[in-house]
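Step one of this worksheet: look at the structure below.
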Protein chains: 2
Amino acid sequence: MARRDIEILERLKAQGHRLTPQRGMVLSAIAGLGGHVGVDQIFQRVREVYPYMDVATVYRTLQLLKRLHLVTEIVTGSGAQYELVRQETDRHHHMVCEQCGTTFDFPASYAESLRGELTRAFGFVAHLDHFTVSGLCAACAGKQGVSTGG
Amino acid sequence: MARRDIEILERLKAQGHRLTPQRGMVLSAIAGLGGHVGVDQIFQRVREVYPYMDVATVYRTLQLLKRLHLVTEIVTGSGAQYELVRQETDRHHHMVCEQCGTTFDFPASYAESLRGELTRAFGFVAHLDHFTVSGLCAACAGKQGVSTGG
DNA sequence: TCTGTTATTGCAATCACTTGCAGTTGCGAG
DNA sequence: CTCGCAACTGCAAGTGATTGCAATAACAGA
């Protein structure tokens with residue numbers, strides 16, 4: 001967590017957006033909580049230091065950061081989660097377990113061939129930074145006696 | 001549309017659920033509208049023939065049908081769309097264009113290798129019937145002069 | 001056909017998220 | 001340092017989806 005939130009703040013400013021305390025607090029909340037966090041976690045965390053914070057501002061900030069590709073939104077089916085973008089070399093996607101709700105990462109490389117094929121066959125340019133696969137994690141699949149069929 | 005909605009109703013009953021007129025109307029609305037339909041389209045359509053219909057019932061019915069894998073939910077980013085499940089031989093996934101919002105199908109075979117690799121490497125059993133890739137369709141990508149990078 | 005059980009419905013309240021607006025404030029120009 | 005403008009915030013109202021609950025109705029069994 002080497003002040004990645006500060007770095008992103010600078011980038012915000014560089015792109016012509018205002019550097020408000022609220023935005024800083026949202027970013028440091030995500031950084032402090034350690035990624036894969038929900039809106040309410042962020043909101044509560046910020047409220048601890050700034051009680052006037054409004055949920056609307058959290059939502060608007062996250063929308064902005066998402067649009068600028070400074071945070072990644074992970075759609076889990078039951079409310080979205082957010083994380084700060086990582087290094088280009090650390091590109092990854094997400095697997096969300098339908099049973100326990102846990103989010104796991106997997107390297108982007110796994111999805112590159114799919115991406116290529118969709119472009120080749122259909123001309124569709126997939127944006128795989130908002131890419132989430134749902135299913136059962138190893139632990140939950142084990143409990144249910146599920147194999148690879150489904 | 002060879003009475004696929006009726007067939008699904010039978011399956012509902014076979015699984016121990018009640019065969020109510022409301023459920024029948026939701027299914028025939030989807031069938032009649034021709035797949036890839038939103039909640040409100042279904043709701044309005046059913047209201048034409050049964051004015052007492054409540055949105056809550058539409059949502060609950062869709063949730064049930066989704067859970068039983070009798071309808072497929074396509075998460076488009078701006079409200080979900082629904083379609084009746086197709087034949088096993090016709091399995092497919094969805095590409096949603098971020099620009100124009102159109103939903104396209106692609107054969108499930110394209111995603112099979114990804115599925116296999118996730119299971120092999122992480123033990124994660126992906127459920128790829130709820131699988132949607134967002135990006136730009138050929139037409140919109142062309143307009144924007146986008147190539148395959150992104 | 002009638003009856004009892006319990007899933008399901010319709011309504012209203014609630015939750016989650018978004019939007020309109022007026023006041024505030026970051027920040028660049030002077 | 002001060003000024004002015006537009007971006008941004010907080011509030012409150014609005015929209016879309018979900019949930020609790022009492023009344024209703026599907027359907028198995030008699």
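Chain A is the first sequence line, chain B the second, and so forth, proteins listed ahead of strands; every chain is numbered from 1. Just so you know, these numbers come straight off a predicted model, no measurement behind them.
The 5' end of DNA chain D is approached more closely, in terms of each residue's nearest nucleotide, by A/A56 than by the other of B/D40 and A/A56. The nearest heavy atom of DNA chain D to B/V39 and to B/P21 marks one nucleotide each, and the one closer to the 5' end goes with B/V39.
Across all strands shown, B/R60 has heavy atoms under 4.0 Å from base atoms, whether or not it also approaches the sugar-phosphate. Contact annotation for A/F43: no contact, since no heavy-atom pair falls under 4.0 Å across all strands.
Distances shorter than 4.0 Å separate some side-chain N or O of B/T20 from OP1 or OP2 on C/dT9. Between D/dG10 and A/Q22, a contact under 4.0 Å exists linking OP1 or OP2 to a side-chain N or O. Put simply, A/T57 has no side-chain N or O that comes within less than 4.0 Å of OP1 or OP2 on D/dC8. An OP1 or OP2 oxygen of D/dT18 is reached within less than 4.0 angstrom by a side-chain nitrogen or oxygen of B/Q63. When the side-chain nitrogen and oxygen atoms of A/H17 are compared with OP1 and OP2 of D/dA7, none of them lie within a distance under 4.0 Å. OP1 and OP2 of D/dC8 both lie 4.0 Å or more from every side-chain N or O belonging to A/Y52.
Ranking D/dG10, D/dC27, C/dT9 by closeness to the B/K13 side chain, first place goes to D/dC27. Closest to the side chain of B/R18, out of C/dT9, C/dT25, C/dT6, is C/dT6.
Atom-to-atom, OH of B/Y82 to P of D/dG16 comes out at 14 Å; the value is rounded to the nearest Å. Counting to the nearest Å, the C1' atom of C/dG20 and the OH atom of A/Y59 are 18 Å from each other. Atom pair B/K66:NZ and D/dT18:P shows a separation of 8 Å (rounding to whole Å applied). The separation between A/Q41 atom CD and C/dC17 atom P is 12 Å, rounded to whole Å. When the P atom of C/dG26 is taken as reference, atom CD of A/E10 falls 17 Å away, rounded to whole Å. Across the protein-nucleic acid pair, A/E73 atom CD and C/dT18 atom C1' stand 14 Å apart, rounded to whole Å. Distance, B/L62 CG to D/dT19 P: 14 Å, rounded to whole Å. Nucleotide D/dA23 holds its C1' atom 14 Å from the CG atom of B/D54, rounded to whole Å.
Residue-environment remark: OH (A/Y50) exceeds the threshold of 12 foreign heavy atoms within 6.0 Å.
Under the 4.5 Å side-chain criterion, counting only non-hydrogen atoms from C-beta, A/H92 is not in contact with A/P107. Side-chain contact check for A/V26 versus A/I42: some heavy-atom pair is nearer than 4.5 Å.
Between the A/R23 side chain and the A/R18 main chain, a donor and an acceptor come within less than 3.5 Å of each other.
Aromatic rings of A/Y110 and B/F122 (six-membered ring for Trp) have centroids within the 6.0 Å cut-off, being under it.
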